[in-house]
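FYI, side chains are in, hydrogens and waters are out, and symmetry mates aren't considered; it's all heavy atoms of this structure. When a ligand or atom number is given, it counts from 1 through the structure's own listing order.
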Amino acid sequence: MAVFSRAFGARRRESDPALPPGQYLTEDFPVLSAGPTPRIDPGEWRFAIRTESGAVTSWSWDEFMALPIEDVHTDIHCVTRWSKLGTRWRGVSLDTLYGHVDSDAAFAMAHSYGGYTTNVPLEDLLGGKAWVAFEFEGEPLDPEHGGPARLLVPHLYFWKSAKWVNGLTLMDSDEPGFWEQNGYNMHGDPWTEERYW
Ligand SMILES: Nc1nc2c(c(=O)[nH]1)N[C@H]1C(S)=C(S)[C@@H](COP(=O)(O)O)O[C@H]1N2
Ligand SMILES: [Mo]
């Protein structure tokens, strides 16, 4: 009986409509970092948006926490083929941050403490699609997972969700970030398997 219900569970999960093609479900939260984990004290943390004209708007941790905070319940998908369903985050919407800047740029480069970069079109950051997240499952975000704060762009492969994010540079034309220069796709939609070049 137990064996039968496990097999049934496995079949149901493989065909879960929330699972993009070529992905499998995981219950753990794997850590994937290209370098060492930077330790950033919230007292030193800043987040800055630089527009295409060079204007900079930035927030300290306390200023950031005074912005409207949203609860996000979402699935996440890594290009290495694991997906995690129904994760819970808290963060500030990119729409909120964007409301403080004056820009017509179509693309953004996200920058992180430690030097990681990743490019994302503005249309994938705005409209309730992306956040700067600082809580995961009700706890402050672990340093390994990008704490104190990371970008969260859950409808794209998870390499676009820059850990230890400290800013965005808005750009008129698209430029490749770290993994994009090393063979990953400029966009990264898991539903159409935009994995590599
Ligand atoms: N700063 C930074 N952000 C990063 C990475 C990284 O190496 N450095 N790796 C990316 C990749 S490839 C993935 S799959 C996810 C992994 O996030 P996790 O370690 O929280 O699972 O972070 C992304 N963001
Ligand atoms: Mo990844």
Side-chain angles (χ1 to χ4, degrees), residues 18-42 44-50 58 61 64 72-92 94 97 107-121 124-125 129-169 174-197:
L19 203 55
Q23 297 293 110
Y24 67 85
L25 287 172
T26 182
E27 298 295 326
D28 347 305
F29 195 178
V31 172
L32 281 133
S33 304
T37 296
R39 306 277 159 172
I40 300 102
D41 189 272
E44 296 161 20
W45 183 90
R46 281 197 89 79
F47 185 87
I49 298 180
R50 177 184 295 268
S58 77
W61 185 260
F64 207 79
V72 185
H73 188 202
T74 188
D75 305 337
I76 55 178
H77 312 288
C78 177
V79 72
T80 63
R81 300 189 181 273
W82 56 265
S83 290
K84 205 169 159 51
L85 303 185
T87 58
R88 291 184 184 276
W89 305 78
R90 294 189 86 212
V92 174
L94 264 289
L97 300 174
F107 300 94
M109 186 71 77
H111 298 265
S112 298
Y113 289 101
Y116 185 84
T117 55
T118 188
N119 55 308
V120 189
D124 288 284
L125 291 179
K129 294 179 185 168
W131 296 265
V132 173
F134 49 82
E135 264 186 43
F136 176 74
E137 302 294 347
E139 301 286 342
L141 188 58
D142 275 344
E144 290 75 18
H145 288 297
R150 78 181 298 162
L151 196 60
L152 176 65
V153 193
H155 72 288
L156 299 179
Y157 283 124
F158 213 37
W159 87 78
K160 299 290 184 180
S161 294
K163 305 198 279 190
W164 317 294
V165 72
N166 64 5
L168 298 177
T169 300
D174 203 5
E175 287 174 32
F178 174 76
W179 281 120
E180 295 83 5
Q181 290 170 34
N182 288 285
Y184 282 26
N185 194 271
M186 291 293 271
H187 185 230
D189 175 7
W191 295 97
T192 54
E193 293 200 73
E194 293 175 336
R195 295 177 188 273
Y196 309 109
W197 288 349

* Do you know the tightest heavy-atom contact between Pro148 and Trp45? -> CG-CD1, 3.6 Å
* Between Lys84 and Glu137, does at least one N-O distance fall below 4.0 Å, as a salt bridge requires? -> no
* Asked: Is the shortest side-chain N to carboxylate O distance from Arg90 to Glu139 below 4.0 Å?
  -> no
* To do: Looking only at non-hydrogen atoms, find the nearest pair between Pro190 and His77 and report the distance.
  => CG-CD2, 4.0 Å
* Residues Asp189, His155; criterion side-chain hydrogen bond (donor to acceptor under 3.5 Å, both in side chains); working and verdict -> CA-CA 7 Å; Asp189 175 7; His155 72 288; over 6 Å; no
* Asked: Out of Val153, Thr118, Leu32, which one pairs with Trp159 under the side chain to side chain contact (heavy atoms under 4.5 Å, CB included) rule?
  -> Thr118
Would you mind listing each N/O atom of ligand 1 next to any protein N/O under 3.5 Å, plus the distance?
unit_1	atom_1	unit_2	atom_2	d
ligand 1	1 (N)	Lys163	O	3.0
ligand 1	3 (N)	Lys163	N	2.8
ligand 1	7 (O)	Ala34	N	2.6
ligand 1	9 (N)	Leu32	O	3.2
ligand 1	17 (O)	Arg150	NH2	3.1
ligand 1	19 (O)	Leu32	N	2.8
ligand 1	19 (O)	Lys163	NZ	2.6
ligand 1	20 (O)	His145	ND1	2.6
ligand 1	20 (O)	Arg150	NH1	2.7
ligand 1	21 (O)	Pro30	O	2.6
ligand 1	22 (O)	Arg150	NH2	3.2
ligand 1	24 (N)	Ser161	O	3.2

